[in-house]
Amino acid sequence: MSTVRVRIAPSPTGFFHIGNAKTALINWLYARKMGGTFILRLEDTDTERSKDEYSDVVCGALLWLGIDWDEGPGFHGDPDMGAYGPYRQSQRTELYRREVQRLLDEGKAYKCFCTKEELDAERERATAEKRPPRYNKKCRDLTPEQVAAKGAAPFAVRFRVPEGFTEIHDLVQGVVRTENKEFDDFIIVKPNGDAIFHLANVVDDGLMKMTHVFRGDDHMTNATRHVMLFNALGYDLPRFGHLPMVLDEAGKKYSKRLHGANVLDWRDDGYLPEALVNYLVLLGWTPGDDREVFRPRELIEAFTIERLGQSAAKFDLKKLQWLNGQHIRLLSVAELRARLLPILEKQGFDLASKPDAWLTQMVGICQEKIKTLNEIVEYADFFFVEPTTYEEKAVKKQWEGADAPARMQAIRDIFAQTAEWSVETLKHAYEDLCAKTGDALGKYIHPTRLALTGKSVGPGLFELAELLGREACLARMDRAIDYIRNMKES
RNA sequence: GUCCCUAUCGUCUAGCCUGGCCUAGGACACCGCCCUUUCACGGCGGCGACACGAGUUCAAAUCUCGUUGGGGACGCCA
């Protein structure tokens, strides 16, 4: 096992954002590629967000994507996994308190007695005057006597930003140098004693011995604050890598309210996790050759941080759909079957009465055609429900001609008379018929498809007919012939 | 307002570090043709981009500077 230690630190809000998934993926890929350790940490400092069912959603999303972790919090009473716990920030408050006291003792942080109202007013004034909103450092240099005089007044703790500049050698963005004076003395502990994100994040990453931190580049400026904190606390600095964000199709920040922002939306829409994973990784990483379709295992094999891109990418549904189709075709029939059957079941179709081999065969003849799992419903419903309506346009084309009844009757005769009910014999019978009449095969195939499925598109006709069985086909032909007769009369 | 990041076909990108091989390659989408019982798959072809302006150089998509566009940060949120 290498020394690489990386993590994903979601805040359990009952929602797992697509951008978070990309971040998780990159970290996970790197850990797996390097034989390192991938850690799950729950950033639930905000007690509002620490509900159990919320973290279940986050973990569920991760697990659905196939992202597993080596260290992390225990669930449902299980103990934590790993030696650097606890892995929930809500259980690490004592650690934060201890580390902040150190900063206070060393003069690297100080107590601030300004009230929220004062600060808000100051910030508003600054914005109105088009000045950068900065803390006025009112409490920065209070003497011990002045502090003592405050008595039991509530205070926040601020980090004393040092002089000079901070340089980050970002694995993705390159060297980023910032003057420390661009930052004000930011708060690290609220008056109620809770640690602020920056503090908790750094203490956790430091104490958990993270070697690399890959995260969204919306944290780029935070990174400077974090580096200053790392140094103040005396922790080893991890390498940072700030990944470009995922934008929506319009090029805006992918809003939480948009369908698809939640990773599990894609599961519900019939996408394969391995396809989503493949797509997300391609949004900001390329293998360097022309390959685009990767199984998770192949992704791990090919992944390198050197080939990470640095500009934001728009989400493209069409490409995801294409990739999903590719992954559906990559599946074995048995695997696809396992994913499709629950969907058909949920639809209320009667699968129990179908033989095992039949179900497998049905899945097999649909595999080349569908782009999402959910499409199977629309694509194969006729196997379970006899069509009672017919596609209007197809009716016009296939059944309105004067010779339609005769052709339908000829087809019915084949169905009734053919010795063996199989793809081959059916096909030969159609071919023989066409040889006799001089018609093209389509003249008979399309009207048949319409009668059997109600649609103009679907799996290969003979394959579908074989699965439907002679009896059902005959019944559907009769119903169609009736339908055509009524059509002519009215 | 201040600071940071970013910029190649409609979209994702290769090429940029180590200028010439780039009349800029691939994929999705779109269009056409082929295969074919439909759709899909597959094959072939087409459309289509170096944001702009200076500079460096014999030579710039590639290096430098500026402009513009896009994104982000500036919380007692994470």
Side-chain angles (χ1 to χ4, degrees), chain A residues 9-11 13 43-46 48-49 89 112 114-116 119-120 123 126-135 154-158 168 170 172-174 176-179 181-184 186-192 194 196-198 200-201 216-225 242 244-245 247 249 251-253 279 282-293 307 309-323 325-326 329 366-371 379 394 398 427 430 434 440-446 448-450 453 455-462:
Chain A
S11 111
T13 54
E43 302 216 328
D44 58 350
T45 46
D46 191 340
E48 284 297 301
R49 306 186 184 186
Q89 288 190 332
C112 171
C114 299
T115 65
K116 187 169 178 23
L119 297 171
D120 287 347
R123 191 167 20 248
T127 311
E129 292 169 19
K130 306 214 169 201
R131 283 185 289 115
R134 296 273 167 74
Y135 173 56
F155 62 87
V157 178
R158 285 186 185 271
I168 295 165
D170 194 276
V172 178
Q173 309 290 357
V176 180
R177 182 189 157 124
T178 313
E179 296 296 328
K181 65 174 193 292
E182 295 297 337
F183 298 89
D184 54 8
F186 52 96
I187 287 177
I188 54 181
V189 179
K190 299 186 213 178
N192 70 5
D194 284 352
I196 286 298
F197 161 74
H198 301 297
N201 195 268
D217 70 6
D218 48 338
H219 282 297
M220 195 69 236
T221 46
N222 286 339
T224 302
R225 289 189 182 83
H242 287 91
M245 307 183 73
L247 272 19
E249 300 210 52
K252 299 285 172 209
K253 190 171 175 176
Y279 179 69
L282 252 24
L283 235 41
W285 175 84
T286 45
D289 52 39
D290 288 338
R291 286 178 301 165
E292 301 221 70
V293 182
R307 300 204 60 87
Q310 45 202 153
S311 55
K314 290 177 195 150
F315 199 94
D316 181 11
L317 179 63
K318 281 287 182 17
K319 186 138 187 181
L320 206 213
Q321 281 174 345
W322 170 78
L323 256 181
Q326 297 296 310
R329 260 140 248 144
C366 295
Q367 182 164 24
E368 289 293 307
K369 318 271 184 167
I370 54 176
K371 282 197 293 295
Y379 205 75
Q398 309 301 344
K427 187 166 189 209
Y430 269 66
C434 286
L441 259 187
K443 277 275 191 190
Y444 291 89
I445 282 172
H446 300 314
T448 315
R449 176 189 302 285
L450 189 56
T453 72
K455 306 169 212 253
S456 59
V457 305
L461 178 71
F462 303 117

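Below, read A as the first sequence line, B as the second, and so on, with proteins coming before strands; counting in each chain starts at 1.
Counting non-hydrogen atoms under 4.0 angstrom, Leu283(A) reaches the backbone sugars and phosphates but no base. At a threshold of 4.0 angstrom between heavy atoms, the contacts of Gly460(A) include nucleobase atoms, whether or not backbone atoms are also involved. In this structure, Lys318(A) reaches the sugar-phosphate backbone alone: every heavy-atom distance under 4.0 Å involves primed, P, OP1 or OP2 atoms, never a base. Within the nucleic acid shown, Asp120(A) has no heavy atom closer than 4.0 Å to any nucleic acid atom. Residue Arg291(A) is out of contact with every strand shown, counting any heavy-atom pair closer than 4.0 Å. Contacts of Ala313(A) with the nucleic acid, taken as non-hydrogen atoms under 4.0 Å apart, involve only primed sugar atoms and P, OP1 or OP2. Note on Cys114(A): a base of the nucleic acid sits closer than 4.0 angstrom, heavy atoms only. Residue contacts shown for Thr115(A) include a base, since a base heavy atom lies under 4.0 Å away. If you check every strand for non-hydrogen atoms under 4.0 Å, His219(A) touches a base.
Applying the Watson-Crick and G-U wobble criteria (two distances, each under 3.5 Å), G75(B) pairs with nothing in any strand. Figure legend. C33(B) is base-paired to G43(B); pairs are counted as Watson-Crick or G-U wobble with both atom distances under 3.5 Å. If you check G55(B) for Watson-Crick or wobble pairing at under 3.5 angstrom, you find it paired to C63(B). With both pairing distances under 3.5 Å, U68(B) is matched to A7(B) as a Watson-Crick or G-U wobble pair. Applying the Watson-Crick and G-U wobble criteria (two distances, each under 3.5 Å), A49(B) pairs with nothing in any strand.
Counting only heavy atoms from C-beta on, Thr286(A) has its side chain closest to A14(B) among C12(B), A78(B), A14(B). The side chain of Ile196(A) approaches A78(B) more closely than any other nucleotide in the set A78(B), G72(B), G1(B). Side chain of Thr221(A), nearest nucleotide from C4(B), G71(B), A14(B): C4(B). The Ile445(A) side chain lies nearest to U37(B) when the options are A78(B), G75(B), U37(B). When distances run from any side-chain atom of Lys190(A) to the nucleotides C77(B), U6(B), U37(B), the shortest one goes to C77(B). Checked against C74(B), U38(B), G70(B), the side chain of Lys252(A) finds its nearest nucleotide in G70(B). Of the candidates C12(B), A78(B), U6(B), U6(B) carries the atom nearest the Gln310(A) side chain, counting heavy atoms from C-beta on. The side chain of Phe462(A) lies closest to U37(B) when the candidates are C76(B), C5(B), U37(B).
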Please step through side chain to side chain contact (heavy atoms under 4.5 Å, CB included) for the pair Leu461(A) and Thr448(A), ending with a clear verdict.
CA-CA 8 Å; Leu461(A) 178 71; Thr448(A) 315; 3.8 Å; yes
Checking side chain to side chain contact (heavy atoms under 4.5 Å, CB included) for the pair Val176(A)/Met220(A): CA distance, chi angles, key distance, verdict?
CA-CA 9 Å; Val176(A) 180; Met220(A) 195 69 236; 3.7 Å; yes
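With hydrogens and angles ignored, no donor-acceptor pair under 3.5 angstrom links the side chain of Lys319(A) to the base of A29(B). Below the 3.5 angstrom threshold, one finds a donor paired with an acceptor across the side chain of Arg449(A) and the base of U37(B).
Spacing between A49(B) and C5(B) at atom C1', rounded to whole Å, works out to 23 Å. Spacing of P atoms, C35(B) relative to G19(B), comes out at 50 Å, to the nearest Å. Across the P atoms, A14(B) and C41(B) are found 26 Å apart, a figure rounded to whole Å. Of the P atoms belonging to G72(B) and G25(B), the separation is 33 Å, rounded to the nearest Å.
Shown here are the ring-ring contact (aromatic ring centres under 6.0 Å, His included) partners of Phe183(A), two or more places apart in sequence or in another chain: there are none.
Along RNA chain B, the nucleotide closest to Asp217(A) and the one closest to Ile187(A) are compared, and the more 5′ of them pairs with Asp217(A). Projected onto RNA chain B by closest heavy-atom contact, Phe197(A) and Val176(A) fall at different nucleotides, the more 5' of which corresponds to Val176(A).
Taking atom CG on Asp290(A) and atom P on G25(B), their separation rounds to 12 Å, with Å as the unit. C76(B) atom C1' lies 14 Å from atom CZ of Arg225(A), rounded to whole Å. One atom, CG of Leu282(A), and another, P of C12(B), lie 12 Å apart when rounded to the nearest Å. In this entry the distance linking CG of Leu247(A) with C1' of A7(B) reads 13 Å, nearest Å. Distance, Ile168(A) CD1 to A73(B) P: 15 Å, rounded to whole Å.
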What donor-acceptor contacts under 3.5 angstrom involve side-chain atoms of residues 310-321 of chain A, with partners at least two apart or in another chain?
from, atom 1, to, atom 2, distance (Å)
Gln310(A), NE2, Val172(A), O, 3.2
Asp316(A), OD1, Lys318(A), N, 3.3
Lys319(A), NZ, Glu292(A), OE1, 3.2

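Annotation: Phe186(A) is not in aromatic contact with Tyr135(A) [ring centroid separation under 6.0 Å not met].
Paired with His242(A) under the rule side-chain hydrogen bond (donor to acceptor under 3.5 Å, both in side chains), one option of Asp170(A), Thr221(A), Asp217(A) passes, and it is Asp170(A).
Listed pair Arg307(A) / G15(B) meets the phosphate criterion, a side-chain N or O lying under 4.0 Å from OP1 or OP2. For Gln173(A) and C4(B), the shortest distance from a side-chain N or O to OP1 or OP2 is not below 4.0 Å.
Leu323(A) is listed as a side-chain neighbour of Leu282(A), based on a closest heavy-atom distance under 4.5 Å.
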Heavy-atom protein contacts under 4.0 Å, nucleotides 39-44 of chain B, coded B base, S sugar-phosphate only, - none
BSSS--
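Nearest approach of Glu43(A) to Ser11(A), heavy atoms of both residues: O-CB, 3.2 Å.
For the atom pair SG (Cys434(A)) and CD1 (Ile445(A)), the distance works out to 7.0 Å, reported to the nearest 0.5 Å.
Salt bridge status for Glu182(A) with Arg134(A): present, with a side-chain N to carboxylate O gap under 4.0 Å.
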